[in-house]
Amino acid sequence: MSPAFTNDQHLNDVLESFDHATNPRLADVLRSLVAHLHAFVIETGLTREEWMTGIEFLTAAGHLCDDRRQEFILLSDTLGVSMLVEMVNQHASDGATEPTVLGPFYVPGAPARAMGESIAQDDSHDDEVLISGVVRSSRGEPLADASLDVWQVTPKGLYDVQDSTITPMSHRGIYRTDADGRFAVRTTIPVDYQIPTDGPVGKMLAATGRLSWRPAHTHFMVSYPGYRTVITHVFDAASPHLKSDAVFGVRDSLVVDFAAKELSFDFVLDPIT
Ligand code: BEZ
Ligand code: FE
């Protein structure tokens, strides 16, 4: 009787199946993914039922995805993968602004806003805050006409795309810096909010006793030709969820005092070398 086919031989067969791929990077990524998946199955002694539960979980996530809802990004976020991808790709110099997750609620094509204009399009809001500062390069020069794409939840704790009663593109805007690299963004004081929990990701959080809260923040995507775009947030120091962000996105350098109503925050971009 020939010896039983081993797990290692089985893995090698799968790895070798990628040897003729014409895209070498694709082959490398798939080989690594398969090796880790096989190791995971062996390490956990994954049962057939557990494997099927995983398949059903991913199927349910796929069914929830459309142009307004992205359950797979949410899954990546809550497993800390989105933040890790940012960290691995950061290559930022010491003084450059730290990145954090993009999240599933970025919408391209926000309206242009003037210096100091509010992103809040619905009614007037008492709890407004002015965030101003300079966009500069890590070599110190101010960057004129840099773009700041800004988005945030309304005081109800929802993004416009989550609530049909909110004017589309409210709480979003694209600002430009002046000749001295200065910008001024007016917004409502952000509130803590819960990520969507009505899908499989919510079930995963509940089943593992995890919180679904994100600490209050304003999103920024800051870009300038020839420089690395920074995707980040500024977080409110008063939030009780800074240490328990559902998506592990908080960095100390991004925490500011929104209660001051007028706050200063500079964005520092690295040149693409
Ligand atoms: C957000 O900040 O918009 C967000 C990030 C990750 C998951 C859900 C929401
Ligand atoms: Fe957010």
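One is the number of the first residue; the rest follow in order along the sequence. Counting starts at 1 for both ligands and their atoms, following the listed order.
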Residues in ring-ring contact (aromatic ring centres under 6.0 Å, His included) contact with Phe220, at least two apart in sequence or another chain
Phe267

Can you name the ring-ring contact (aromatic ring centres under 6.0 Å, His included) partners of Tyr193, sequence neighbours left out?
Tyr159, His217

Hey, is the main chain of Asp28 close enough, under 3.5 Å, to the side chain of Ser32 for a donor-acceptor pair?
no

Pro190 backbone acceptor or donor facing Thr188 side chain under 3.5 Å
no

Interfacing atoms of ligand 1 (cut-off 4.0 Å, heavy-atom, [X]):
X      : result
His219 : 1 (C), 2 (O), 3 (O)
Phe105 : 3 (O), 9 (C)
Arg214 : 1 (C), 2 (O), 4 (C), 5 (C)
Tyr159 : 1 (C), 2 (O), 3 (O)

Where on Leu74 is there a heavy atom closer than 4.0 Å to ligand 1, on the side chain, on the backbone, on both, or on neither?
side chain

Structural part of Trp151 in contact with ligand 1, heavy atom criterion under 4.0 angstrom:
neither

For residues Ser239 and Asp192, is any side-chain donor paired with an opposing acceptor at under 3.5 Å?
yes

Atom [atom1] of [X] with >12 non-hydrogen neighbours under 6.0 angstrom:
X      : atom1 : answer
Asp198 : CG    : yes
Lys156 : NZ    : yes
Glu262 : CD    : no

Count, excluding waters, the protein N, O or S atoms that are closer to the Fe ion (ligand 2) than 2.8 Å.
4

Hey, does Asp77 come in under 3.5 Å of ligand 1, counting only N/O atoms on both sides?
no

So Tyr106 and Trp151, would you call those rings parallel, tilted or perpendicular, with 30° and 60° as cut-offs?
tilted

May I ask you to decide if the ring planes of Phe235 and His233 are parallel, tilted or perpendicular, using 30° and 60° as cut-offs?
tilted

Members other than Met87 in its cluster, when Ile, Leu, Val, Met, Phe, Trp, Tyr link by side-chain heavy atoms under 4.5 Å?
Met83, Val101, Val247

Close approach, Tyr106 and ligand 1, non-hydrogen under 4.0 angstrom
no

Mark the output for Tyr193 as yes if a heavy-atom distance to ligand 1 is under 4.0 Å, and as no if none is.
yes

Residue, atom and distance of the protein heavy atom nearest atom 9 (C) of ligand 1 read Pro104 CD, 3.5 Å

